[in-house]
Amino acid sequence: MANLILDERDQKFLLYEMFDVETLLEQPKFEAFSREMLDMILEEARKFAVNEIFPTLKSGDTEGCRLENGQVHVPKAFHRCYKLYCEGGWGAMSFLPESGGQGLPHIAAVAVRDWFVHNFAFFAYPGLTEGAARLVESYGTPEQKKRYLGKMITGEWGGTMCLTEPNAGTDVGNSTTRAVRQPDGTYRIQGTKIFISSGDHDLAENIVHPLLARIEGDVLGTKGLSIFLVPKYLVNEDGSLGRRNDYEVAKIEEKMGIHGSATCLLNFGDNGDCYAELLGEERQGMKIMFQMMNEARIGVGMQGVTSASIAYLHALQYAKERIQGSSIMDFKNPEAPRVPIIQHPDVRRMLLWMKSNVESMRALLYYTTLCGDRAESETDEAQKEKWRGMVEVLTPICKAYNSDIGFRVTETAIQVYGGYGYCSEYPVEQFLRDEKIASIYEGANGIQALDLVGRKLAQKNGAYFMSLIGEMNDTIARYREAPHLKDLADNVQKAVAVLGETGFFFAQCAGQKDFLTPVNNAYPFLMMMGKVIAGWFLLWEAGVATEKLNALSQEKGVDSTDPAAWQTFIKGSKEAAFYSGKVFSARYFIQNILPEAEAASKGIKSKDMSVVEIPEEGFAS
Amino acid sequence: MNIVVCLKQVPDTETQIKIGPDNKSIVTDDIKWVINPYDEFGVEEALQLKEKFGGEVTVVGMGPKRVTESIRTALAMGADKGILITDDALEGSDSLATAKALAAVLKDLEYDLIFTGQRGVDDDMGVVGPALAELLGIPNLSLIVKVEAAEDGKSVKVNRPVEGETLVIESSLPALITAQKGLNEPRYASLPGIMKAKKKPLEEKTLGDLGLDAAQFGEGARKLKILEMTPPPERAAGKIVEGETPQEKAAELAKLLHEEAKVF
């Protein structure tokens with residue numbers, strides 16, 4: 001079966017040619033790994049994704065989930081996928097070897113998941129389990145680890161993340177779920193949680209819910225929240241399953257997309273007997289949950305990348321096959337032969353727009369996780385701190401920029417398909433429906449923007465933001481003198497300067513007690529910063545690709561000054577065509593999209609207050 | 001029960017094949033290489049028998065160094081050790097020469113069963129398996145879709161589909177089985193399996209190591225010469241039968257079948 005999930009060559013390019021993962025693998029922490037092994041892992045992930053996960057995308061959507069007698073049933077086809085996922089040991093990828101995991105570098109695990117996440121409705125089940133299990137790994141007592149961790153890593157048991165309540169979503173501190181201390185040190189939970197992904201399902205025999213609640217008497221707001229483990233079935237001393245815990249699945253939501261993912265309303269403790277165990281210390285709930293939320297934010301950023309990736313590859317294939325209209329060069333001739341729509345300039349514009357966005361978003365995702373690996377594997381404290389800071393700054397952008405641009409890529413794919421794209425007989429409309437949620441959950445994109453502008457920019461007196469600017473400038477310096485890339489490097493440099501200035505402008509506003517300007521403009525700033533980062537990565541990609549292309553043309557004795565010979569060379573070699581395509585992605589994006597950053601900065605600096613000044617009565621009559 | 005699986009590396013069936021400038025070979029530059037799918041059935045069957053009877057599964061491949069990747073994949077699926085016959089002099093060998101090289105490795109191994117694919121999906125010859133059985137002097141059970149080993153592990157009963165019927169053959173061991181589609185569904189290599197595969201033994205052997213004469217291998221020793229490779233002829237465009245009503249269309253179709261296709 002053909003692979004329309006991701007461009008394998010692009011994945012290898014990022015891992016080995018751009019981000020030099022082989023050097024990372026030389027760190028003692030990763031000595032068990034080699035490139036050869038990583039390639040094998042990715043090949044198995046590809047086979048599994050192409051043959052098993054991708055084919056359930058449509059049936060998962062049409063079949064959806066059912067709630068019957070208090071039990072959720074997932075789409076039939078997910079059962080086989082889940083079983084194979086567990087047998088393949090994929091859930092154990094990034095756990096510590098001492099917990100029974102394989103200890104893969106984050107960037108390698110992300111490359112593997114890049115194959116799986118396109119079917120997010122399926123992936124939500126093992127994905128949330130993994131996040132929840134990692135909380136147990138990081139904060140659980142030895143007894144809790146013994147009780148829950150092993151079975152969660154193998155996927156025998158599931159996991160979730162129970163935060164949201166009817167009046168506590170974005171405002172999580174408003175949570176009213178209560179925990180009552182018991183004489184034996186356990187707790188009893190009472191409250192309602194909504195929008196709980198994978199909150200119930202029939203893929204695993206037990207489910208462990210990390211849940212935020214307030215212990216009776218603790219202060220209001222986020223500071224008073226603690227986190228608990230609430231199992232679906234209580235676990236006996238010998239590891240066997242005991243009574244069904246006192247909570248109910250009251251309903252599952254009817255949604256726009258990801259129909260195969262059960263979004264549950266859970267009522268805890270209706271009979272006053274919902275068992276829970278404290279995870280970590282009391283009132284540390286938010287801090288602990290943030291570990292999972294930060295991982296989940298990068299995961300949602302990945303959802304943006306993978307949706308965009310399948311949407312682009314489908315649109316590309318369709319544009320090559322769909323014949324309609326004659327060539328624009330032949331427009332006066334009614335007898336002219338009809339051509340595939342990929343020959344029409346506006347279709348090419350859409351495809352190249354999608355391509356450059358997919359590639360730069362994927363680079364952002366991989367780079368963010370690589371920073372995490374460096375933070376964990378470097379031995380120098382200053383270096384560790386630098387890479388940790390990079391993860392801090394890049395996480396909200398990875399989440400919000402990738403999810404929003406990812407959505408627009410799926411929309412553009414529908415446009416390429418035309419009327420058929422709007423019909424459910426064709427696959428692309430589902431990609432759009434499935435992707436939309438990514439800008440909303442795990443902290444709506446507006447919240448990500450506030451996190452970026454309100455916290456991350458100013459962290460360590462702006463040191464994290466400045467290290468990012470420093471990394472960008474290093475890349476620019478590398479290609480400023482390169483023939484064919486100089487104009488691109490110059491334009492990226494201008495954009496980086498504008499980004500730096502705008503960040504500084506926010507600092508000045510804050511200095512003058514003008515908090516509204518940064519707050520009003522947090523989202524435009526985040527999207528602008530995302531574009532500058534995308535321009536930076538594309539320049540870097542074009543730089544690496546140009547070097548490779550030159551080496552390849554020399555090896556084949558191609559005269560680069562002879563346009564005909566060059567054309568033959570590019571068309572005759574998949575490698576050459578790939579590298580050439582990389583350079584075009586960069587050129588298109590940097591010359592056509594990146595200038596939008598400057599326009600955004602102009603708007604921000606205008607200090608226009610319309611959004612706060614317009615009276616509510618003025619929004620509509 | 002000790003089992004040997006012979007494995008060939010072939011271009012992925014999705015690869016777009018280009019014929020080289022000599023018109024006798026294919027361009028190998030942009031090819032993705034995979035385990036021959038029929039050999040993969042052999043690997044899976046061997047692993048299932050091992051799970052039931054114990055013993056060892058050895059994978060034997062032949063070709064350039066890149067074949068190592070395919071052998072490692074079989075090790076990741078669960079095979080125990082690998083042997084790669086690799087030698088520049090093997091380049092261009094025909095099926096009979098391949099069988100000879102494999103036989104030279106196998107004569108030093110202990111085995112109850114040998115699996116090969118019923119054919120390679122690249123050259124479609126289907127010779128190596130039967131030739132190898134002949135060279136080793138053991139029964140050849142070809143195109144097999146079901147294998148049942150006796151409880152004592154001394155004989156097998158196998159099924160071969162024949163013209164819509166099933167031929168059941170019983171054979172003593174050792175024997176060679178060529179695997180046909182339908183035999184099983186090969187497993188995916190698991191992540192822990194891949195991690196373990198790195199530490200499993202994989203030995204390389206040259207023709208010299210096997211005591212073989214290089215002159216009997218390679219392009220020069222071929223009994224079968226490739227004269228020319230051509231792509232399959234391009235299919236002509238189909239024809240849509242015109243007509244206002246089904247009756248008209250049927251009449252038009254009958255006319256075309258008679259006059260153009262001349263089928264009656």
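Letters go in sequence order (proteins before strands), and every chain restarts at 1. Values in this document were obtained by computation on a predicted structure and should not be read as measured data.
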Residue from A:Glu44, A:Met40, A:Met93 passing side-chain contact (heavy atoms from CB on, under 4.5 Å) with B:Leu191: A:Met93
Nearest-0.5 Å distance that lies between atom CG in A:Leu84 and atom OG in B:Ser190: 11.5 Å
How about A:Glu31: does its CD atom have over 12 heavy atoms from other parts shown lying under 6.0 Å from it? no
Could you give the distance from CZ (A:Phe33) to CD1 (B:Ile194), rounded to the nearest 0.5 Å? 10.5 Å
Given that the side chain runs from C-beta out, which part of A:Glu575 has a heavy atom under 4.5 Å from chain B: side chain, backbone, both or neither? both
Contact part of B:Lys199 toward chain A, heavy-atom cut-off under 4.5 Å: side chain, backbone, both or neither? neither
Backbone N or O of A:Ala32 within a donor-acceptor pair of the B:Lys198 side chain at under 3.5 Å? yes
How about CD on B:Gln16, more than 12 heavy atoms from neighbouring residues, nucleotides or ligands closer than 6.0 Å, or not? no
Approximate separation, where rounding is to 0.5 Å, of A:Asn3 CG and B:Glu14 CD: 8.0 Å
Using the rule given for side chain to side chain contact (heavy atoms under 4.5 Å, CB included), can you reason through A:Lys574 versus B:Ile31, listing the C-alpha separation, both sets of side-chain angles and the distance that settles it, and then say yes or no? CA-CA 10 Å; A:Lys574 265 170 90 172; B:Ile31 284 182; over 6 Å; no
Max heavy-atom pairs within cutoff under 4.5 Å with chain A, candidates B:Asp30, B:Thr73, B:Val34, goes to B:Asp30
Atom CD of A:Glu321: over 12 foreign heavy atoms under 6.0 Å: yes
Of all of A:Glu8, A:Met37, A:Glu36, which one pairs up most often with chain B through heavy atoms under 4.5 Å apart? A:Met37
Candidate pair A:Glu43 and B:Lys32, rule side chain to side chain contact (heavy atoms under 4.5 Å, CB included), full reasoning: CA-CA 11 Å; A:Glu43 174 59 17; B:Lys32 175 169 178 175; 3.1 Å; yes
What do you reckon, is CD of B:Glu248 surrounded by more than 12 foreign heavy atoms closer than 6.0 Å? yes
Below 4.5 Å from any heavy atom of chain A, which atoms of B:Arg72 appear? Answer side chain, backbone, both or neither. both
Would you find more than 12 non-hydrogen atoms of other residues, nucleotides or ligands less than 6.0 Å from B:Asp12 atom CG? yes
Using a cut-off of 6.0 Å, state whether more than 12 heavy atoms not belonging to A:Phe584 lie near its atom CZ. no
On a heavy-atom basis, the closest approach of A:Gly88 and B:Pro192 is O-CD, 3.7 Å
Below 4.5 Å from any heavy atom of chain A, which atoms of B:Asp29 appear? Answer side chain, backbone, both or neither. side chain
Decide if atom NZ of B:Lys146 counts as having more than 12 heavy atoms of other residues, nucleotides or ligands within a radius under 6.0 Å. no
Could you check whether A:Glu52 and B:Tyr188, counting side-chain N and O atoms only, form a donor-acceptor pair closer than 3.5 Å? yes
